[in-house]
Amino acid sequence: MKSTAFILMIVTIISKVFGLLRQTTLSYLYGTGDVAEAFLTAQILPVLIIAFISSGISTGFIPTYNRIVNRHGEGAGDRFTSNVNNTVMVLMVFLIIICEIFAYPLVKIFAKGFTGYKLDLTVQFMRIALLSMLPSIVAAVFRGYLNAKNHFLVQNLQGYILNLFIIGSLILSAKFDNTWIIGIGLLLAISLQYIIYIPVVKKKGFRYRPGINLSDPYLRRLLLLAIPVILGTAVTQINVVIDNRIASVVSEKGVSVLSYAQRLTEFVNGIVITTIATVVFPELSRRVVKRDIDGLKDSILSSLSTISILVLPAMAGLMTFARPIVSLVFEHGSFTADDTSITSACLYMYAIGLIGIAVREIVSKTFYSLNDTKTPTLNSMMMVGINIVGNLTLSKIFGVKGLALATSLSSLIGAFTITLHLRRKIGRFRNISRFFVEIGKMLLATGLMVFGSRLVYGFGIDYLAPSGGRDEILVLFFAIITAVLIYGGAIVVLQVEELKSIVHGFLRRRKGRSNDIDKK
């Protein structure tokens with residue numbers, strides 16, 4: 001499981017680099033101006049709708065599909081998959097029509113401060129982006145189908161297509177001074193990224209069946225599992241709406257600044273947290289089906305250790321080097337030094353909550369594997385309440401960065417409370433003291449990493465790059481390399497068990513492949 005997760009991380013890293021290049025292109029060409037604000041805001045509604053519907057599908061699909069295949073065979077599984085696909089397609093067409101009709105008031109919900117040209121441009125972009133929801137929801141169904149068969153790679157490859165199309169459309173739009181090119185490019189990018197699903201699904205032997213059967217008991221079972229997840233995700237995504245609505249009022253560039261900062265934290269979230277949570281969910285479900293509660297507890301702690309060994313140093317690194325990272329990635333062209341100052345402050349605040357996001361993701365997946373979707377939903381509702389109060393109070397004190405801080409605080413509190421609920425539900429964890437000892441070692445290694453890399457960076461800036469420029473980039477690069485070496489050396493010296501587990505997983509996987517080759 002761990003070796004699979006790390007292979008996916010490598011693929012995802014390259015995809016995220018392209019995503020970062022996309023955001024860098026946007027910042028270079030349009031900075032924090034009207035076009036950037038409109039482009040980023042227009043994607044919020046389609047992304048929100050797809051996020052909460054696809055999360056419900058993926059959470060309910062895997063256990064339901066496995067039950068069908070075990071009882072009735074692959075043919076029944078294909079009929080179920082086709083039925084789910086056809087049903088959600090009809091639902092999505094209906095939602096697209098409604099959203100297209102009410103595009104103007106919907107944009108005002110997300111960006112209260114938008115007026116005039118910025119408002120009109122956002123509506124134009126959003127109406128185009130809404131059309132992409134149809135292929136997106138179809139891909140969500142088949143992503144669940146492939147994950148149920150332990151195939152995770154294709155969903156990590158789709159980002160390459162998405163980002164290349166968007167980068168191309170941004171460059172062409174600036175060259176020809178035509179914003180329509182951005183909208184069309186966004187539609188093509190989101191839609192065409194899913195083409196790679198077709199050959200993979202065919203290779204798995206899937207046979208499509210037309211028609212909709214709403215009386216299918218397994219469809220109803222999926223809905224019963226999915227609806228609370230959809231509600232929980234929808235409630236969580238309200239945070240995005242609230243953040244952007246307040247950001248559009250607090251600052252003229254608030255929406256784009258938050259988006260740029262979120263993109264950098266997503267680099268960690270998407271590579272580490274989402275990847276591990278995606279891979280571990282089928283494993284947790286199998287433990288529950290076998291009623292192996294002790295094994296389930298061990299898998300939870302193992303997953304939390306795997307995430308922590310990567311998230312803790314990444315979190316500390318983003319906080320330590322927030323300003324030089326933002327400057328390196330975004331401060332070009334239309335993106336100014338003032339934009340860097342505001343964005344780096346937001347990045348620092350967002351980074352604080354990364355460990356909360358990581359813990360909550362694993363614990364929520366555990367509840368889903370236990371067929372308990374109510375607890376994560378209630379937890380999400382609580383987090384939204386905390387975020388709203390935090391937004392209203394902290395934005396008055398800290399401005400835009402107060403919105404980022406409120407989001408992080410809600411993530412940390414949400415992670416703590418949902419973990420307490422899990423403890424009450426499944427009982428005490430064995431080996432919990434050893435787990436905390438390992439986390440302590442990781443924290444010590446992270447502290448040493450921050451201290452050493454900060455010394456290198458400070459020395460380099462003072463003596464090697466006092467005037468900034470390319471020399472400052474080299475200094476940051478050497479500081480990051482130093483951080484990696486110190487952290488890696490520290491966890492080896494401290495004998496962190498999770499590192500041994502990861503290495504052994506890779507060796508077993510490599511040995512297994514060698515044996516397969518020998519047999520051939």
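- Using a 4.5 Å heavy-atom cutoff, the side chains of L264 and F330 are in contact.
- Between the side chain of N391 and the main chain of L394, no donor-acceptor pair closer than 3.5 Å is present.
- Side-chain atoms of S364 never come within 3.5 Å of backbone atoms of E361 as a donor-acceptor pair (strictly under, hydrogens ignored).
- By the 4.5 Å heavy-atom criterion applied to side chains, I418 and V359 are not counted as neighbours.
- Looking only at distances, no side-chain donor or acceptor of S395 sits under 3.5 Å from a matching main-chain atom of V400.
- Between D216 and R79, no side-chain nitrogen of the basic residue sits less than 4.0 Å from a carboxylate oxygen of the acidic one, so the salt-bridge criterion is not met.
- You'll find the side chain of K401 stays beyond 4.5 Å of the side chain of I342, heavy atoms only.
- Side-chain atoms of Y487 come within 3.5 Å of backbone atoms of I309 as a donor-acceptor pair (strictly under, hydrogens ignored).
- Proximity of a side-chain donor or acceptor of T393 to a complementary backbone N or O of G390 within less than 3.5 Å is detected.
- A distance-only check finds no donor-acceptor pair linking the side chain of S453 to the backbone of A483 [under 3.5 Å].
- By the 4.0 Å N-to-carboxylate-O rule, K441 lies close enough to E438 to be salt-bridged with it.
- Between Y260 and C346, the closest side-chain pair of non-hydrogen atoms is not below 4.5 Å.
- For Y348 and R323, the side-chain atoms include no donor-acceptor pair closer than 3.5 Å.
- Within a 6.0 Å sphere centred on CZ of F478, other residues, nucleotides and ligands contribute 12 heavy atoms or fewer.
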Item to complete: Could you please spell out the steps behind the side-chain contact (heavy atoms from CB on, under 4.5 Å) verdict for I413 and M383?
Response: CA-CA 7 Å; I413 296 172; M383 288 172 59; over 6 Å; no
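- Considering every non-hydrogen atom in both M133 and P46, the closest pair reads SD-CA, 3.8 Å.
- When the options N85, I53, N83, V201 are evaluated for a side-chain contact (heavy atoms from CB on, under 4.5 Å) with V141, the one that passes is N85.
- Residues T417 and M382 form a side-chain contact, since some pair of their non-hydrogen atoms from C-beta on lies under 4.5 Å apart.
- By the neighbour-count criterion of 12 heavy atoms within 6.0 Å, atom CZ of R220 is densely surrounded, having more than that number from other residues, nucleotides or ligands.
- A donor-acceptor pair under 3.5 Å is formed between the side chain of T320 and the backbone N or O of A316.
- Under the 3.5 Å distance criterion, the side-chain polar atoms of T265 are matched with a main-chain donor or acceptor of Q262.
- Between the side chain of R360 and the main chain of P376, a donor-acceptor pair closer than 3.5 Å is present.
- Ring orientation note: the planes of F61 and Y65 are close to parallel, at an angle under 30° on the 30°/60° scale.
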Q.
For a side-chain contact (heavy atoms from CB on, under 4.5 Å) check, start with the C-alpha distance between L258 and Y350, then their side-chain angles and the critical distance, and finish with the verdict.
A. CA-CA 9 Å; L258 287 181; Y350 275 132; 3.4 Å; yes
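- Under a 3.5 Å cut-off, the side chain of K297 and the backbone N or O of R428 do form a donor-acceptor pair.
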Would you sort out whether K425 and F367 count as a side-chain contact (heavy atoms from CB on, under 4.5 Å), showing the intermediate values?
CA-CA 9 Å; K425 189 176 185 71; F367 276 105; 3.5 Å; yes
